Amino acid sequence: MKNIYGLTLSDMEEYFVSIGSKKFHAKQLFDWLYIKRISEFSEASNLSKDLLNKVSEDFSCSKLKIVDIQKDEDVRKYLFELEDGEHIEAVLMLHDFGNSVCVSSQVGCNMGCKFCESGRRKKVRNLEVYEMVLQILMIEEEFGNRISHVVVMGIGEPFDNYDNVMKFFTILNDPFGLAIGARHLTVSTCGVVPKIKEFAKFPLQVNLAISLHAPNNEIRDKIMPINHAYPLEVLMPALKEYYQKTNRRLTFEYVLLEGVNDSEECAKQLAELVKGMNCYINLIPYNETHNIEFKRTKIVQIMRFYDILKKNKLTVTIRKEFGGKISAACGQLRSKKEEL
Ligand code: SAH
């Protein structure tokens, strides 16, 4: 049976029309689901019993199971169990600009980035739309406060589950749904070029982040297998085209790995690579995991790298770290749970 939280407002309108009922019931039901937060269809008291019976024959409104929560001052990490027993994680971060949640888009990931915990474990399946929506709803309910920002940077490659992720954004953005402004939504990809082109046509102004992590093909090939399929000479023009079409500023993420991509020469090459682009570079201190050989770049070297980019007049930030103590890095909690 399908889960109701996977429907966009227009899917739901179509559904009501298809069963010979009225379109406007969709807005009413959205209000019950996303504003009043019912847990049973029968609580939707302005819809008739007959109609609700029909809806509950066709859809479930069951939620996910939260099986673990780890809390720190400014971060909470949630481990969810899905209906088929799989586990995924989401992280709530309390920023001064609002409350942001990092959600997973797949169980596992096939991109195989060498430094990434999720990539070490193969993709089991894509997440359904409702499984992404419920990560947000359930965190809001547990936390007791509104989520203002969402980033799809948890487990998985969102552009390998493109249609579901776009539907997820549509529901989050809908004024009758969670009403989160598109500019507060971000999707991050390792560089799946055909989907970047498709995303340029997506009607909502969702932010795009690119996991770049290397300034040349030689290094990128070694740490990110996707670079064999879409090397920098294919990726970079696609991003420029994306910018021309959308006028939306890009974010480049760059995880600093000691001795791999953190030299001053790398910083100079990176500055050259992104020259002239309207972008923002986010340097990410590597979160070491016990399974992997990569080491975090020391802070002095991070600062050197940062200074070179700054001298080249780039907009750069060093990512604030959340949750080091509580295994909040990509895929770590799931791996702990499953003892892998
Ligand atoms: N697959 C997508 C989104 C998920 S990963 C992508 O590649 O963009 C989110 C970000 O975390 C990516 O930039 C990824 O490279 C980075 N990342 C993965 N493991 C990390 C670690 N151990 N420490 C710091 N960043 C990591």
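Owing to the predicted nature of the structure, the values given are computational and were not obtained by experimental measurement. Side chains are part of it too, since the values below use all heavy atoms of this structure and drop only hydrogens, waters and symmetry mates. Whatever order the structure lists them in is the order used to number ligands and atoms, beginning at 1.
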Between K71 and E142, does a salt bridge (charged side-chain N to carboxylate O under 4.0 Å, His left out) hold up when you go through it step by step?
CA-CA 12 Å; K71 297 186 185 179; E142 191 282 330; 3.4 Å; yes
Check the surroundings of atom [atom1] in [X]: do more than 12 heavy atoms from other residues, nucleotides or ligands lie under 6.0 Å from it?
{"X": "K201", "atom1": "NZ", "value": "no"}
{"X": "E218", "atom1": "CD", "value": "no"}
{"X": "R146", "atom1": "CZ", "value": "yes"}

So is there a nitrogen or oxygen of [X] less than 3.5 Å from a nitrogen or oxygen in ligand 1?
{"X": "E117", "answer": "no"}
{"X": "T289", "answer": "no"}
{"X": "P285", "answer": "no"}
{"X": "S188", "answer": "yes"}

Enumerated ligand 1 atoms positioned under 4.0 Å from heavy atoms of [X]:
{"X": "C190", "value": "6 (C), 7 (O), 8 (O)"}
{"X": "G154", "value": "4 (C)"}
{"X": "Y286", "value": "21 (C), 22 (N), 23 (N)"}
{"X": "G156", "value": "1 (N), 2 (C), 3 (C), 4 (C)"}
{"X": "C116", "value": "18 (C), 19 (N)"}

Restricting to heavy atoms, the pick from A209, C113, S211 nearest atom 8 (O) of ligand 1 would be S211
Of the listed options Q106, R319, M153, closest to atom 9 (C) of ligand 1 (non-hydrogen atoms):
M153
Got a second to check how far L178's CG is from S148's OG, nearest 0.5 Å?
12.0 Å
Pair [X] and [Y], ring centroids less than 6.0 Å apart:
{"X": "F24", "Y": "F16", "result": "no"}
{"X": "F159", "Y": "F199", "result": "yes"}
{"X": "F59", "Y": "Y15", "result": "yes"}

State if [X] counts as touching ligand 1 under the rule of any non-hydrogen atom under 4.0 Å.
{"X": "H213", "result": "yes"}
{"X": "G191", "result": "no"}
{"X": "M111", "result": "no"}

Which bit of [X] is near ligand 1, meaning a heavy atom under 4.0 Å away: side chain, backbone, both or neither?
{"X": "V255", "answer": "side chain"}
{"X": "T189", "answer": "backbone"}
{"X": "E253", "answer": "side chain"}

Distance under 6.0 Å and angle within 45° of the ring axis: does K195 meet both against Y162?
yes
From the options T317, T251, N207, select the one residue that forms a side chain to side chain donor-acceptor pair (under 3.5 Å) with Y280.
T317
Go through it in stages, so that I can follow the logic: the residues are E86 and R125, the test is salt bridge (charged side-chain N to carboxylate O under 4.0 Å, His left out), and I'd like the CA-CA distance, side-chain angles, deciding distance and then a yes or no.
CA-CA 10 Å; E86 293 293 345; R125 66 174 175 86; over 6 Å; no
